[in-house]
Amino acid sequence: MKKLLILLVLFFSQTNYAQQVLPEKERARVVDGILEDRFNILLPQLMDAAEIDMWIVISREYNEDPVIKTMLPATWLNARRRTILLFYRNKSKNIIEKLAVARYNVGESIVSAWDKEKQPDQWKRLMELIEERNPKKIGLNFSKDHNIADGLDKTDYDEFMQYLPKRSHAKVVSAEQLAVRWIETRTPREMVIYNQLVDITHDIIAEAFSETVITPGVTTTTEVEWWMRQKVTDLGLETWFHPTVDVQRNNEKLVDHLYSFSGRPDDLVILPGDLLHCDFGITYLGLNTDCQELAYVLKPEEKAAPKFLIDGLKDGNKVQDFLTVNMIKGKTGNEILAKSLNDAKAGGLRPAIYTHPLGSYGHSAGTTIGMWDSQDGVMKDDGENYPLNPNTVYAIELNTTIHIPEWNRDIRIMLEEAGFYGEQGFRYVNGRQTELLLIPRVKSHQGN
C-alpha cells in the first residue's frame with residue numbers, strides 16, 4: 001500500500017509538469033513556426049533599421065556562429081559542412097530572399113541556391129548570388145563589442161574577401177547591430193511561450209524548496225542542486241548552467257558575491273533557521289530562463305519566517321522597482337544602472353545590479369545593466385553604449401545588503417526574475433517572488 005501511494009504521488013507530481021512540456025515532435029512544430037515568423041516578419045524590419053540589404057551568415061559544422069544556431073530548423077542540430085545563409089532585402093519591392101549556399105534547403109524557410117554539379121565551387125556560387133543582386137551593403141558577423149555577433153571565423157572571412165571582387169570590398173560592414181537585434185528581439189508568439197517557460201522554472205524551484213525534497217538536518221545543498229538538474233532531465237528539458245543552492249545563517253560572516261556561485265561549500269547540511277538561495281534556469285523551445293529565489297527553513301515552533309527576513313525580501317523588491325522604472329527606451333545600460341543605483345541608495349538601500357539580456361541564450365545579446373564586479377558601468381567591449389530596445393527580455397538580477405541585528409551580521413537578498421520590456425513599458429514575464437518559500441509548507445498543526 002505504501003509503495004502504491006508513493007507511485008501515485010510521483011505520477012501526479014510528474015503530470016503537473018507533463019501538461020506543460022511538449023513531446024519532441026510538437027516542440028519541433030512550434031520552433032519551426034516561430035522561426036518562420038521571425039524570418040518573414042521580423043527580419044525585414046531589422047534589416048531596414050540596420051540599413052543592411054544583404055546579410056551573409058557563414059558557419060562550419062561543429063564551429064557554429066551563435067547567430068546561425070538560432071536560425072536552424074528543429075531537425076538541424078548543427079550546421080552541415082560549410083553552411084552559408086544569404087538574406088537579401090529589396091525594400092522597394094518589399095520582399096526578402098532567404099537562400100542557402102548549401103546542398104540542401106535549410107528547413108522550410110531557406111531555399112538551397114547551389115547546384116554543386118553546375119558550379120563545384122561554393123564560394124564562386126556565393127559570389128554569383130551577390131553579383132546578381134548588387135547589394136549596397138554586405139553585413140558579416142564580426143564585432144569587437146558584442147561576442148554573440150562575432151561568430152565569423154578568420155578562415156571563412158579571409159576566403160570570403162579573397163573571392164569577393166575588390167570593387168565590392170567597400171560594401172562589407174559589420175552586421176553587429178543587425179545580429180544583436182535578431183538575437184534580442186522577441187515576437188508576440190515567443191512571449192506567450194516565454195510565460196510558460198518561466199512558470200515551469202518557478203514550479204521546479206517551488207518543489208525543490210519544499211519538504212518534498214528537503215529534510216532539515218539531513219538534506220544537503222548539493223543534493224538539492226542535483227535534484228533540480230535531474231528534474232530538468234526527467235521532464236525532457238535542458239539547463240544551460242548547473243543549478244546552485246547556498247545558505248545564509250546567523251553564525252556566519254557575509255562573504256564575497258562569488259560565494260554563491262563558486263566559493264560555497266559542497267554538501268552543506270540544511271538546518272532550521274537557514275535562508276536558502278538558488279540560481280536556476282532551463283532551456284526549452286529555443287529560449288532560456290534564469291531565476292533566483294529565496295526560501296526559509298522553519299524552526300519547529302515557527303509558522304512564518306522572521307520579520308527581518310520578510311522585510312529584507314521587501315527591500316529586494318524595492319531595488320527591482322527602482323531598476324525597472326528606469327528602464328526607458330533608448331537609454332544605455334550604464335545610464336539605467338547609474339540612475340537606478342542612485343535612486344535606491346537615496347531610498348536607504350545598499351543595492352548591487354547586474355541585469356543581463358535573456359532569450360536565445362542565457363547570457364544573451366543586448367543591453368547589459370551592470371555586472372556584479374562593474375557597478376560603475378560596463379566597458380565598451382561589454383556593450384557600453386548599446387541602448388534599450390523594446391520587445392526584449394532581461395534577467396532582472398540584483399541584490400541588496402541588509403543588516404540583521406538578531407544575527408549580528410549583514411546578509412544579501414539576491415533575486416533574479418525574467419522581465420519583458422515592450423512598447424508599453426516593463427512587466428515581469430511570469431511574476432516575481434514577493435513572499436519567501438517556506439520549508440516545510442505550513443500545516444494547521446504547526447506552532448505552539
Side-chain angles (χ1 to χ4, degrees), residues 35 38-39 42-60 63-72 79 83-89 91 96 98 126 130 135-161 164 168-187 286 288 329-336 355-371 374 377-394 421:
L35 197 53
R38 288 178 63 83
F39 281 138
L42 177 62
L43 184 56
Q45 300 171 8
L46 299 182
M47 292 184 73
D48 291 348
E51 299 182 341
I52 292 176
D53 54 341
M54 182 173 284
W55 188 17
I56 298 175
V57 184
I58 307 169
S59 198
R60 279 181 287 170
N63 189 34
E64 279 77 11
D65 181 323
V67 171
I68 207 171
K69 288 184 74 68
T70 69
M71 295 176 163
L72 298 178
T83 298
I84 301 175
L85 306 183
L86 183 153
F87 304 100
Y88 176 63
R89 170 66 171 160
K91 190 175 180 180
I96 183 166
K98 304 176 290 296
L126 175 60
I130 295 172
K136 296 176 182 177
K137 289 183 181 179
I138 303 170
L140 299 179
N141 288 350
F142 57 87
S143 172
K144 180 182 177 182
D145 297 338
H146 301 275
N147 60 324
I148 288 177
D150 192 38
L152 178 61
D153 64 45
K154 186 177 187 302
T155 299
D156 285 337
Y157 175 81
D158 288 346
E159 291 204 38
F160 177 86
M161 296 303 291
L164 187 70
S168 295
H169 279 204
K171 295 181 177 182
V172 176
V173 299
S174 167
E176 62 179 6
Q177 295 298 313
L178 175 56
V180 171
R181 292 292 287 128
W182 168 263
I183 293 291
E184 75 169 350
T185 307
R186 304 273 69 83
T187 64
N288 294 271
K329 181 179 178 179
K331 295 289 186 182
T332 67
N334 283 352
E335 290 173 329
I336 296 168
T355 287
H356 59 84
L358 186 66
S360 302
Y361 292 94
H363 290 159
S364 200
T367 307
T368 299
I369 307 174
M371 292 184 178
S374 300
V378 299
M379 303 300 289
K380 186 176 181 182
D381 59 356
D382 293 315
E384 173 187 21
N385 297 312
Y386 193 78
L388 183 69
N389 289 306
N391 303 318
T392 49
V393 175
Y394 301 87
Y421 181 78

Check your understanding: Aromatic rings Trp55 and Phe87: how do their planes relate, parallel, tilted or perpendicular, breaks at 30° and 60°?
Key -> tilted
Exercise for review: Would you mind reporting whether Ser364 and Ile183 have side-chain heavy atoms less than 4.5 Å apart?
Suggested key: yes
Review point. Below 4.5 Å, heavy atoms only, C-beta onward: do Ile96 and Tyr88 meet side chain to side chain?
Key: no
If I take atom [atom1] from residue [X] and atom [atom2] from residue [Y], how far apart are they, to the nearest 0.5 angstrom?
| X | Y | atom1 | atom2 | value |
| --- | --- | --- | --- | --- |
| Thr83 | Ile68 | OG1 | CD1 | 5.5 Å |
| Leu152 | Ser174 | CG | OG | 10.0 Å |
| Lys91 | Asp48 | NZ | CG | 4.5 Å |
| Arg89 | Lys98 | CZ | NZ | 10.5 Å |
| Gln177 | Glu51 | CD | CD | 11.5 Å |
| Lys171 | Leu140 | NZ | CG | 13.0 Å |

On a heavy-atom basis, which atom in [X] and which in [Y] lie closest, and how many Å separate them?
| X | Y | value |
| --- | --- | --- |
| Ser360 | Thr70 | CB-CG2, 3.9 Å |
| Thr187 | Arg38 | CG2-CG, 3.8 Å |
| Ile58 | Ile56 | CG1-CG2, 3.7 Å |
| Asn389 | Thr367 | N-OG1, 4.5 Å |
| His363 | Ile148 | O-CD1, 3.9 Å |
| His146 | Tyr386 | CE1-CD1, 3.8 Å |

Side-chain donor/acceptor of [X] to backbone N/O of [Y], under 3.5 Å:
| X | Y | result |
| --- | --- | --- |
| Lys69 | Glu64 | no |
| Ser59 | Asp65 | yes |
| Thr332 | Glu335 | yes |
| Ser143 | Asp150 | no |
| His356 | Gly362 | yes |

Check your understanding: Between Ile369, Thr368, Val393, which is the residue that forms a side chain to side chain contact (heavy atoms under 4.5 Å, CB included) with Pro357?
Key -> Thr368
Study note, to complete from the structure: With sequence neighbours left out, the residues meeting salt bridge (charged side-chain N to carboxylate O under 4.0 Å, His left out) with Asp156 are Arg60, Arg82
Practice item. Using the side-chain contact (heavy atoms from CB on, under 4.5 Å) rule, take Asn141 and Val57 through it: C-alpha gap first, then chi angles, then the decisive distance, then the call. Key: CA-CA 7 Å; Asn141 288 350; Val57 184; 3.9 Å; yes
Point to revise | Evaluation steps, side-chain contact (heavy atoms from CB on, under 4.5 Å), between Phe160 and Leu126 | key: CA-CA 9 Å; Phe160 177 86; Leu126 175 60; 3.7 Å; yes
Practice item. Would you please test Glu184 and Tyr394 for side-chain contact (heavy atoms from CB on, under 4.5 Å) and show each step? Key: CA-CA 9 Å; Glu184 75 169 350; Tyr394 301 87; 4.2 Å; yes
